[in-house]
Amino acid sequence: METLANLSISWVDPWLMFLTAAGTLAGIYVGAIPGLSVTMATSILISFTFKWPVNDALALIAGVFIGGVYGGSRTAILLNIPGAPSAIATAFDGYPLAKRGEAGEAIGLTTVMSVFGGFIGILALALFAPIISNFAIQFNSRDYLLLGLIGILLVGTLSGESFAKGAFAGAVGVLIGMVGLDPMTAEGRFTYGSITLMGGIPYVAAMIGFFGVAEALVQLRNMDLPAIKQKIDRITPRFSDVRKYFWLAMRASGIGTIIGALPGTGGDIAALLAYDDAKRTTRNPDVPFGEGAKEGLVAPEAANNAAVGGSFIPMLTLGIPGDAVTAVIIGALFIHGLKPGPLLLIETPHLFWFTVGNLALANIFLLIFGLTGIRVFTKIVECPKAVLIPLIIVLSAVGTYAIQNNPSHVYWMLGFGVVGYFLKIYGFQVGPIILGVILGPMMDSNYRRAMIGARGDVSVFLWDFVSHPISLVLSVAFILMLLSQTPLWKPLTGWLRRAEN
Amino acid sequence: MSGTKRQPGEIAFSILLVLFSVTAFWQAFQISGFRGLSEPGVFPMLATAAMLLSSMVVLREAIGKMPSIQSPEITFFKDIASFRLLVMFGLITAYVAAMPLVGFLISSAAFLFASIWFLWRKGPLASALLTAVSLTVVYLIFRILFQVVLPGGTLVKGFV
């Protein structure tokens with residue numbers, strides 16, 4: 001069967017297997033070292049791998065993704081410093097466990113649970129993506145517009161301290177994406193007669209600037225935090241533990257997959273929601289939550305790895321990023337001449353099945369690398385920030401320059417780096433910006449197509465949203481999400497609860 | 001990251017964002033005005049209007065926060081635009097300007113050496129050693145694994 005052949009491409013090709021392994025291992029370290037982020041690494045990697053065949057590039061990037069989402073848990077457990085946002089919830093119970101001398105067991109358990117969650121996510125990807133893809137062909141311009149709006153809204157609401165800040169970031173991203181020639185009329189937008197601007201703002205330079213340079217600059221403030229040394233002897237998860245938390249892990253993986261599949265939300269939110277769910281549904285934990293409950297480790301770690309498979313679903317079937325990393329990966333697919341969307345599964349099914357098989361392989365490597373090499377790990381993670389920060393800058397600069405040898409790209413990168421620094425300091429998230437850059441042009445053309453389809457009549461345009469079933473569902477979801485951010489929400493839900501009674 | 005206390009410079013920054021949004025909205029309006037609903041300027045106007053609204057809310061939120069105790073001007077330059085940051089920014093700008101002229105190897109070596117020495121404070125020898133080691137690793141990985149042609153310079157045709 002062709003599907004089987006495509007699934008096993010990276011399993012039988014030694015070079016691809018090596019790339020997947022290397023990516024996963026690198027990802028674990030990137031995720032573990034606070035100051036390095038998976039989005040930073042993937043942004044820089046897509047520029048370096050742009051000359052590679054697409055399979056090789058994807059194998060490396062998928063490995064980094066899977067490794068990185070897990071890697072943050074290591075330092076979360078050992079140092080109470082989540083290496084990645086997806087590990088914030090892991091620190092709640094992981095660090096108390098480490099303080100009681102059970103760090104090794106904690107790491108072993110998180111590794112196994114992450115791999116478990118990862119497989120659930122990949123299974124969901126393999127089963128549901130083809131179904132969703134067939135279904136998505138019926139999606140209209142309106143539906144894509146709504147999906148894009150929901151995506152930006154979700155990212156703005158669920159991550160970060162203030163909805164207004166998230167909305168602003170998303171809108172700025174949309175603005176950045178609008179610069180250049182309008183694809184429908186070839187009119188220049190925000191181009192001011194400059195040929196450079198007509199080509200649009202360089203996307204990779206913006207990404208590396210916001211995720212790489214800005215983060216490095218922010219880390220300058222955290223440089224003086226002292227490194228705490230930890231001792232771990234062995235990493236052995238007890239089989240009784242694994243069996244005991246099996247159903248909890250299943251639940252958490254389910255939550256993770258769904259959250260990952262929602263456009264705009266990824267492993268970090270999945271982990272927090274799963275932790276919350278575990279806290280509410282575990283009747284009598286051996287240890288209370290927040291003091292070293294193993295359930296508090298199992299749930300977020302299973303969820304954040306399941307979210308990886310989940311976030312690939314909308315990316316490959318609809319061309320809509322499931323989270324910030326998949327937004328970056330979409331950029332990679334574009335660079336390699338592919339078009340993520342419902343037609344991807346029809347025109348290039350081998351790519352889809354290759355990705356599924358590759359993610360599964362990366363998951364296996366996660367199990368291997370997660371349970372070994374702990375001594376090397378502690379050495380490398382203690383690398384001083386004073387050395388790390390300049391290295392990030394060098395990698396960012398070369399990554400930006402190497403694509404088109406255009407010095408102006410590096411200036412864009414620097415500019416975005418400085419802007420991103422101030423945005424981060426003042427509490428804005430940069431994830432929504434990148435989502436806005438990708439979703440903006442998509443939403444613009446879909447909006448105009450929908451409006452043209454309604455012959456410019458606003459009443460017809462709006463009526464179309466409620467008269468078609470898919471559009472109706474999405475519109476209601478969008479309005480509910482929007483309302484939940486306004487002061488109207490609490491009185492509304494209070495009224496509903498009273499009406500029920 | 002700013003939490004419930006107002007950071008130094010937060011109000012000024014929020015005002016800047018509002019001003020930027022106003023300018024952006026005006027520029028978006030210039031694209032196609034109110035000519036029609038499916039014109040290229042509509043979505044930019046929507047986006048910049050969203051920017052304007054949200055930045056005004058952000059400004060209001062910032063004004064409502066409790067200020068941090070110390071005098072804002074001093075803390076801004078001590079904390080946010082610290083000396084360390086300004087020096088690094090200067091170094092990065094010099095690095096970025098120099099790369100097209102002298103090529104990747106020379107500019108990166110100079111930058112790494114200067115910034116590691118400045119940040120790590122362990123003396124020029126340690127810095128030089130680390131620069132040499134990391135640059136070699138980076139070069140090997142890029143040249144051999146990624147096959148990226150590391151840019152040479154216009155003034156110095158490097159051996160990259």
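All heavy atoms count here, side chains included; hydrogens, waters and symmetry mates do not. Residue numbers start from 1 in every chain, and the chains themselves are labelled A, B, ... in the order their sequence lines are given, proteins ahead of strands.
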inquiry  = For a 4.5 angstrom cut-off between non-hydrogen side-chain atoms, does B/L112 reach A/V387?
reply    = no
query = Just checking heavy atoms, which of residues 120-136 of chain B are less than 4.5 Å from chain A?
reply = B/W120, B/L130, B/S134
task = Not counting sequence neighbours, which residues clear side-chain contact (heavy atoms from CB on, under 4.5 Å) with B/L46? List them please.
result = B/V42, B/F43
request  = Could you tell me which portion of A/M184 (side chain, backbone, both or neither) has an atom closer than 4.5 angstrom to a non-hydrogen atom of chain B?
outcome  = neither
message = For B/A114, which atoms come within 4.5 Å of any heavy atom of chain A: side chain, backbone, both, or neither?
response = neither
ask   = Under a 4.0 Å N-O cut-off, is there an ion pair linking A/K165 with B/E10?
value = yes
A/I176 portion near chain B, given a 4.5 angstrom heavy-atom threshold = neither
key: Segment of B/A28 engaging chain A (4.5 angstrom heavy-atom cut-off)   = both
message = Between A/R189 and B/I31 (side chain of the first, backbone of the second, donor and acceptor by atom type, cut-off under 3.5 Å), is there such a pair?
response = no
key: Straight-line distance of B/R84 CZ to A/L217 CG, nearest 0.5 Å   = 12.0 Å
ask   = For B/Q30, is it the side chain, the backbone, both, or neither that has a heavy atom closer than 4.5 Å to a heavy atom of chain A?
value = neither
task = Against chain A, label B/M88 side chain, backbone, both or neither, depending on which of its atoms sit under 4.5 Å from a heavy atom there.
result = side chain
task = Please flag which part of A/L423 lies under 4.5 Å from any non-hydrogen atom of chain B: side chain, backbone, both or neither.
result = both
request  = Please state whether the side chain, the backbone, both or neither of A/D182 comes within less than 4.5 Å of a heavy atom of chain B.
outcome  = side chain
Contacts of type side-chain contact (heavy atoms from CB on, under 4.5 Å), residue A/A454, not counting sequence neighbours = A/V460, A/F461, A/D464
inquiry  = Tell me every residue that passes side-chain contact (heavy atoms from CB on, under 4.5 Å) with B/F89, counting only those two or more places apart in sequence or in another chain.
reply    = A/L414, A/V418, B/T93
task = Please flag which part of B/S55 lies under 4.5 Å from any non-hydrogen atom of chain A: side chain, backbone, both or neither.
result = both
remark   = The interface call for A/Y447 against chain B, heavy-atom contacts under 4.5 Å, is side chain
